[in-house]
Participant: 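I am attaching a structure below and will ask some questions about it afterwards.
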Amino acid sequence: MSKTSKFSQLKAGAAPVVIGVAMLSTPAFAQDELAEASASQPAIVVTGSRITNPNLEQSSPIQVVGQDEIDLRQATNAEELIGELPGIAPGINNSVNNGSGGIATLNLRNLGSTRNLILLDGQRLVPASLASQTDLNIIPVALIERVEVVTGGASSVYGADAITGVANFITRRDFEGVEAAVTYGITERGDGERLRGDVTIGANFADGRGNAVLSIGYQQVDDVLQSNRLISQNAIFVNGAAVGSGTAVPTRVTSSLDGGLTSGTNQLNPTGDAFIPTYTTFNYNPFNFFQTPLERYNIYGSARYEITPGIEAYTRAMFTKTTVELRLAPSGLFGDTWQLPLNNPFLTDAMRTQICNAGTTAGQFAGGAAECIAAGAATDSNDPLYREAAVTINRRLVEMGPRNNTIITNQFQVWTGLRGDLTDTLSYDVSASYGESQRTNTRTGWGLKSRVQNALRALDANNCEDASNGCFPVNLFGGGIGQNIDPRAVAYFNQPAAFTDSTSLAVVSAFLAGELGESGFFTETPVGFSLGAEYREYNASRVSDISAGTQDEVLGTGAPSPTFSGSYDVIEGYAELIVPILEDIPGFYSLTAEGGIRVSDYSNSGTSVTWKAGGSWEPFQGFRIRGIYQHSVRSPNIGELFAPVTTGLTALTVDPCAGPGPFSAALTSICIAQGAPAGTIGGIPVPSAAQVNATGGGNPNLDVEKADSFTLGVIVTPPQVPGLAVTVDYYNIEVTDAITTLNPGDVLTPCFGPNLSAPTPNPAAPECALIQRNPLNGSLNGGGDTPGLILQLTNAGTLETSGIDFRVNYSLPVSFGSVNFDLNGNWTEKLVILGRECVGLYSNNCEPITPEWAFNFRTTLSIDDLVDVSLLWRWTDGVEYEFAATTTGILPEYLAIDDASYFDLSVRSNVSENFDVTFSVNNLLDRDAPNVSGFIGSSTYNSGNTYPTTYDVLGRTYSVTGRVRF
């Protein structure tokens, strides 16, 4: 296919969408005035409806990312095509390191990535996670013609899990010829290289009755370390000071000073012969990624063949292999409880005495400190003098190097079906699909707790009491900077651990769509309808090795990953109707009503009904008012139902029971009631690296969650101003009985008051019982003996959001070509998450960030068919710290983030008839990311002292794409 004919087809095929929703991004090589599709073009199924008549306008607002926007962005993966649209919150992407599962997710309206659907050509993709999230990495970007995003609910059309909407990636149809493209990008600092290459081959056959396409792609993204950006080279506390983790080198151990009168976690002195108060911490920042490395291979093929007029067979298949690397600071002994043999050969007499005094204070030894000290002379565990002290140990295992996660995902899916026309006005589609995703997470450089424990039970400096599996004693008590652990000991306990998450999706679907009669009741446009039924079966499982599945076994992981499985199926029937009421009369250029219903029978949660009702009114040509109300019901997914309850980590900067106090009687009693030993009050360690233990998991008693949403908007496409399209849509979504976990503040605030640094305890608050402390030192850190905060899944949540989407697109023909302006923006009026208003706020309760205002504004100058020059302005409003009323000890500059502007310049040129080149400079002005410290939010989003999913941390970057077509 020639370049000219290809672009003509794209423009004509998209025209009904442009006129219908007036939201298509249309900067192109050759900008013509927007026009109606020719009669020769096939009907387009617009996302949000299965009714194919392009003259029937649906009532749901749609954002469309067109082919030219895709080309100008030079995206490596699908997340980059839509992740920066206003109104879409950052999902998990390659800016997330500590908290990533190796997939890229979509988060519409910041109501969670489990409440929206990702479709490919209107059909479901196999989930990549146990929470039924689709990995955007599997989308074949080279074949994407456009992306349509419906927000505000699409459950009645696509299924009950589309509470907040749908993103539909639509591939190019009837591709013919050969297209090869290579994209290369790099930051100005010389890191973060990106490479993408794709080859697509397509051909028609059987006199145009058939078409086959094959696309093969490769993508590689290199890492950017936080050590390579000034903002993130040190962990910065809220007071502006560089701080680090208490799991450091030298070792810190539960010990006493001053003859046992003061106990706590004290640190080995530099000479390695006694414990003194903590004097150094560990800077964990430099090891983390700002951009996680990725390598991906993908193959996509499709074919169709018209067997006879009215019967077309089609099939397609895709395979993707993705490798994502994650990295954290070296592993360690993170304050867990250890059984320390008092005859350990690396303990000095002074250390042993300090440990014994602390143990005696805690009531560990019936014979007191003398019994404990005498145990130092025991020859082995059979000696009557032998004793072990229960202690907490903090030691960074720098000898192992950084912790690495390698996550390999293999995904495939096949579709096959028959479609066609039963009559001139009636079409059908019967299809089946099956897909599987297998995601294997292998951890290296983490270490195994049981082996470290065994290595502590040493006969001497070279022999373990249990020498099996090559055990070599571990020396945690040598002085210096932490190079005293023998490599043979490292080799013994540095063993890999892995688990594999597998999911499958089988779908059988059939629908009938068409028109009732040749005209409507009072209109020439007939009533449009669709009827359908669908069966889906989901299976998911996690298979772990013994290490990965055991609580506390893999050091530094937080939660284990136990083996489990689950499944459910659903049978659904649905119907949709668009009824033209009036048209072409004064005051009613058109008036249309719309309705839809879907009845779902889930094997795990029973029967539920979702529905929609809406309409549109065009009093005169070029001005349309539309609105729709939708009721949605979402059933819990496999992870929410069946995931085992485990203890992991959550973000927390201030523990009201930690530190020196002061402690009132009420505060003391609460801390003791939560499990802190009385002797630890005034010396409880603060949260390690701003993280504490949290216990949670699936809940088989979960019920469905319900959502009600409505949108009301206007579309302005005045005939008097050709090329102008304006849309403004108000949306409102409320989710009740939402499946959610509590945030740390939801537990701590009722118990200790809003200012955790100056607690006002309320012992009667039931939330106090949801806090369970380390039985040795009273902290919220430790191993499996420290549940920490109990944050279980429930149906107790409520989520609300509302706001306005707006878009203005204007294409102005000029003598040398055209100028196109495309403004796409969002105003968020309200975002309430579990009772907290989060618009314009940031904290670990309000993540990711939702600014009140945000917009993208692209201006494109097209000079005939020669060159396009395009400038994209990305702007996000300023935000404030959620706890700004509690400013004690926080630098003023960390209490707010100014509005941010980023400018991306792209130049695209036709070098020849079959070859074009696009060059881009992103973050043209090299704007720095804001510094808010690394202790404001969770490590998933607040990383490297900023929010890398919201603000650009890479700096100015360059990319170039060369594409050849025949």
Participant: Just by distance, do the side chain of R296 and the backbone of T76 share a donor-acceptor pair under 3.5 Å?
Facilitator: yes

Participant: Spell out, as yes or no, whether a donor-acceptor pair under 3.5 Å connects the side chain of N856 to the backbone of E84.
Facilitator: yes

Participant: Just do the side-chain hydrogen bond (donor to acceptor under 3.5 Å, both in side chains) check on D868 and S862 with the steps written out, would you?
Facilitator: CA-CA 4 Å; D868 289 343; S862 299; 2.8 Å; yes

Participant: Using every non-hydrogen atom in the two residues, find where G825 and P86 come nearest and quote the distance to one decimal.
Facilitator: C-CB, 3.9 Å

Participant: Which residue, D71, D198, V911, forms the side chain to side chain contact (heavy atoms under 4.5 Å, CB included) with R963?
Facilitator: D71

Participant: Run the salt bridge (Lys or Arg N to Asp or Glu O under 4.0 Å) test on D916 and R908 for me, step by step, so that the C-alpha distance in whole Å, both residues' side-chain angles and the decisive distance to 0.1 Å come before the verdict.
Facilitator: CA-CA 7 Å; D916 62 78; R908 180 173 56 179; over 6 Å; no

Participant: Pair T961, T918 - check side-chain hydrogen bond (donor to acceptor under 3.5 Å, both in side chains), show working.
Facilitator: CA-CA 5 Å; T961 298; T918 303; 5.7 Å; no

Participant: With a 3.5 Å distance limit and no angle check, can you tell me whether N211 reaches the backbone of R173 through a side-chain donor-acceptor pair?
Facilitator: no

Participant: Between D222 and Q291, what is the shortest heavy-atom contact and its length?
Facilitator: O-NE2, 2.7 Å

Participant: Compare all side-chain heavy atoms of W827 with those of E852 and state whether any distance is below 4.5 angstrom.
Facilitator: yes

Participant: Would the distance check show the side chain of R196 and the main-chain N or O of A75 forming a donor-acceptor pair, the cut-off being under 3.5 Å?
Facilitator: yes

Participant: Under 6.0 Å between ring centres: does that hold for Y314 and W415?
Facilitator: no

Participant: Could you give the distance from CG (L294) to CG (N94), rounded to the nearest 0.5 Å?
Facilitator: 7.5 Å

Participant: State, to 0.1 Å, how close A180 and V199 come at their nearest heavy-atom pair, and which atoms those are.
Facilitator: CB-CG2, 4.2 Å

Participant: One pair to check against side-chain contact (heavy atoms from CB on, under 4.5 Å): F806 and L823. What are the steps and the verdict?
Facilitator: CA-CA 8 Å; F806 54 92; L823 173 67; 4.2 Å; yes

Participant: Does the side chain of D174 reach to within under 4.5 Å of the side chain of V213, using non-hydrogen atoms?
Facilitator: no

Participant: Do L861 and F816 come within less than 4.5 Å of each other through their side chains, counting heavy atoms only?
Facilitator: yes

Participant: Nearest 0.5 Å, please: how far is CD in E179 from CG in L143?
Facilitator: 8.5 Å

Participant: What I'd like to find out is whether the side chain of E583 reaches to under 4.5 Å of the side chain of T525, using heavy atoms alone.
Facilitator: yes

Participant: Step by step, work out the side-chain hydrogen bond (donor to acceptor under 3.5 Å, both in side chains) result for N820 and S818.
Facilitator: CA-CA 7 Å; N820 181 270; S818 65; over 6 Å; no

Participant: R304 side chain to R209 main-chain N or O, any donor-acceptor pair under 3.5 Å?
Facilitator: yes

Participant: For N137 and T322, which I'm curious about, is there any donor-acceptor pair between the side chains at under 3.5 Å?
Facilitator: no

Participant: Using the ring of Y731 (Phe, Tyr or Trp, six-membered ring only), decide whether R109 places NZ or CZ under 6.0 Å from its centre and within 45 degrees of its axis.
Facilitator: yes

Participant: What are the two closest non-hydrogen atoms of V953 and A929, and how far apart are they?
Facilitator: CG1-CB, 3.9 Å

Participant: Measure the spacing between CZ of R146 and CD1 of I170 and express it to the nearest 0.5 Å.
Facilitator: 3.5 Å

Participant: Taking all heavy atoms of R874 and all of N923, pick out the closest pair and write down the distance.
Facilitator: NH2-N, 4.4 Å

Participant: Is the shortest side-chain heavy-atom distance between I92 and S113 below 4.5 Å?
Facilitator: no

Participant: List the steps and the verdict of side-chain contact (heavy atoms from CB on, under 4.5 Å) for R316 and L120.
Facilitator: CA-CA 11 Å; R316 51 195 172 106; L120 185 66; 3.4 Å; yes

Participant: How long is the straight-line distance from OG1 of T949 back to CG of N107, given to the nearest 0.5 Å?
Facilitator: 10.0 Å

Participant: How many angstroms lie between atom CG of N116 and atom OG1 of T134, to the nearest 0.5 angstrom?
Facilitator: 8.5 Å

Participant: So do the side chains of V149 and V65 get within less than 4.5 Å of each other, counting heavy atoms only?
Facilitator: no

Participant: Are side-chain N/O atoms of S870 and R858 paired as donor and acceptor at under 3.5 Å?
Facilitator: yes

Participant: For residues V182 and L195, determine if any side-chain heavy atom of one lies less than 4.5 Å from a side-chain heavy atom of the other.
Facilitator: yes

Participant: State whether the side chain of Y158 and the backbone N or O of L117 hold a donor-acceptor pair below 3.5 Å, judged by distance alone.
Facilitator: no

Participant: Check whether any side-chain N or O of N910 sits under 3.5 Å from a backbone N or O of D865 as a donor-acceptor pair, and report yes or no.
Facilitator: yes

Participant: Looking only at the side chains, is there a donor atom on one of T711 and D729 sitting less than 3.5 Å from an acceptor on the other?
Facilitator: no

Participant: Answer yes or no: is there a donor N or O on one side and an acceptor on the other, between the side chain of E618 and the main chain of G622, under 3.5 Å?
Facilitator: yes

Participant: For E79, is there any backbone N or O sitting under 3.5 Å from a side-chain donor or acceptor partner on N77?
Facilitator: yes

Participant: So, taking the atom named CG in L954 and the one named CD1 in I186, what distance separates them when rounded to the nearest 0.5 Å?
Facilitator: 11.5 Å

Participant: Whether the Q74 and T183 side chains hold a donor-acceptor pair (N or O, under 3.5 Å, no angle test) is what I'd like checked.
Facilitator: no

Participant: Without swapping roles, check the side chain of R624 against the backbone of V714 for a donor-acceptor pair under 3.5 Å.
Facilitator: no

Participant: Only counting residues at least two apart or in another chain, list the ones meeting side chain to side chain donor-acceptor pair (under 3.5 Å) with S906.
Facilitator: S920

Participant: Please evaluate residues F290 and N228 with respect to the criterion side-chain contact (heavy atoms from CB on, under 4.5 Å), reporting the C-alpha separation (whole Å), side-chain torsions for both, the decisive distance (0.1 Å), and the verdict.
Facilitator: CA-CA 9 Å; F290 260 152; N228 293 332; over 6 Å; no

Participant: What is the minimum heavy-atom distance between A78 and V141, and which atoms define it?
Facilitator: N-CG2, 3.6 Å

Participant: Regarding N824 and Q63, is there a side-chain donor-to-acceptor distance under 3.5 Å anywhere?
Facilitator: yes

Participant: Please say which of F903, F855, Y902 ends up in a ring pair (Phe, Tyr, Trp, His ring centres under 6.0 Å) with W875.
Facilitator: F855

Participant: Does some side-chain heavy atom of T946 sit less than 4.5 Å from a side-chain heavy atom of S232?
Facilitator: no

Participant: Go through Y941 and I849 one step at a time and tell me if the side-chain contact (heavy atoms from CB on, under 4.5 Å) criterion holds.
Facilitator: CA-CA 9 Å; Y941 293 102; I849 293 174; over 6 Å; no

Participant: Taking atom types as modelled, find out whether N298 and Q219 have a side-chain donor-acceptor pair closer than 3.5 angstrom.
Facilitator: yes

